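Predicted model, so just to flag it, every value in this text is computed and none were measured. What's counted below: heavy atoms across the whole structure, side chains too, no hydrogens, waters or symmetry copies. Each ligand, and each atom within it, is numbered from 1 in the order the structure gives. In what follows, residues are counted from 1 in the order of the sequence shown.
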Amino acid sequence: MAVAQPVNPFREGLQLEGATQPVQLCIFGASGDLTKRKLLPAIYNLVQAGLAPQAFSVVGFARNDMSEDDFRKVLTDAVAESSEIRVRDADLLKHLCERVDYVSGDFHDPAAYVGLKARLDELDKRYATSGNRIFYIATPASLYGDITAKLHESGLIKPEHPDSFVRMIVEKPFGRDLASAKKLNAELLTYLNEDQIYRIDHYLGKETVQNILVLRFANGVFEPIWNRRYVDSVQITVAESLGLEGRGNFYEETGVVRDVIQNHALQLMSLVAMEPPTSFDARDFRDEKIRVVEAIRPITPSEVARETVRGQYGPGSVAGERVVGYRQEPNVAPDSITPTYAAFHLVIDNWRWAGVPFYIRSGKRMPKRVTEIAMQFKEAPHLPFRKASIETPKGSNVLSLQIQPDEGIVLRFNAKVPGPSMRIRAVEMDFGYGETFGAEDASPYERLILDCMKGDQTLFDRADGVEAAWALVDPVLTQWDVQRTVAFPNYDAGTWGPADADELLARDGRMWRRL
Ligand code: BG6
């Protein structure tokens, strides 16, 4: 007799709503790494979960001279290899392959767009996608402007019918400084409306990142203490154990601030510090989120040396394996001064957060991959226990929002150790996503592509949002550029970054959390 499986009540309601409007998804930069590693697995998962619309097709567009069958092979390999695939279904893959096409052409060549349009029109009819199009631009940002202009000139941006839509997803980093981001926004907005532009930051598609909002705004217990009266300081860590993974050319141009701080880390900071939005619709939510970044006190050129730290890894070992230093990675200059680590001390000039330091750090080749936001609450103002021995080496009164990899929330607080004497030790209350909900997270790209299909911009960046973030980091990048003499490498791979980063907190009487 079949044994009834216990039902996990927490799983109820986990179902996402699917997209209903037919759509054609055209990926620019389809032969690249992102398409294979993230986009194609996400698309397969959406189809497999029944979340993509019935009438749906995918077209890759890139310079590589690939055939349609080659591109279908890329999809097949991506599904075979990706750890993000939940259910492998050969029939479904075959069905999806039939709806996948590829057009090769130079992004700068007007004739290539004429060919692309002809193919998209033909496929639109074949798959009844009603003229609805999403262009996913996964190319370097320097190409976005030209691609948009060419799409316009070839008539691809104008919706086919009054009720069909054309949307564009653009990857991060959006520009490389404030001036280029402004120029890019102006270029895109010449041909598109803001409500057609989806600036993606995959951190916002992570379940644990969205849960910051639920924790704060769907509970009554945290909000009263979520402010300068009770919070001592906030630490945000985005640490990676990986190095460059073959992306030397990209990283040399980018560095950690453009790659992670300007976007992922500042998104986390905004969610943790924003005021409650009136609703979770795109305008209200983004208004509040952007207000936080705008309220961060600018770091002036003369403060850069004091408020920020930059680092670059040298050779070392990570998880017991010897690894080369940054300057020895492929496609990296032997005297490169690109930072692979950065730490910032930031303050938010508003009533809620005045005087509360936010310490942000991110680095490659750290001892482990961990993204965490730690809210350090103030200590009890007075301890009434005279002869208490206090054993809290890892700190106490801290709420740790563990974004990855051990997704969950941990509250560390003091407890009495059983026994006749008054010994106090920090203990943990631990909520783990995996154990509670028993569901495998969808990849952030799945959620965000689906949102774009549904026309929901809430979890995408707005023009003023990306500009505010660039305005904050720009003086730092400029100043680092001016002061080019820097003693790199200044941390060994497999360590927590340069000694100066410890100093950044030590001068305030604090320490980075041991993660
Ligand atoms: C990307 C960066 O945006 O984010 C990468 O370009 C980085 O350098 C990655 O490794 C980190 O993402 P995640 O989801 O693995 O934390």
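A salt bridge is absent between Glu207 and Arg447; no separation between the charged side-chain nitrogens and carboxylate oxygens falls under 4.0 Å.
Near ligand 1, residues Lys172, His202, Tyr203, Lys206, Glu240, Arg247, Asp259, His264, Lys364, Arg369, Gln404 come within 4.0 angstrom through at least one heavy atom.
In this structure, Arg510 and Tyr359 approach most closely via the heavy-atom pair NH1-OH, 2.9 Å.
In this structure, Leu401 and Val272 have side chains that are in contact, with non-hydrogen atoms separated by less than 4.5 Å. Residues Glu467 and Asn185 are in side-chain contact: their nearest non-hydrogen atoms beyond the backbone lie under 4.5 Å apart.
Neither side chain, Glu245 nor Tyr251, offers a donor N or O lying under 3.5 Å from an acceptor on the other.
You'll find the ring centres of Phe344 and Phe358 outside the 6.0 Å limit.
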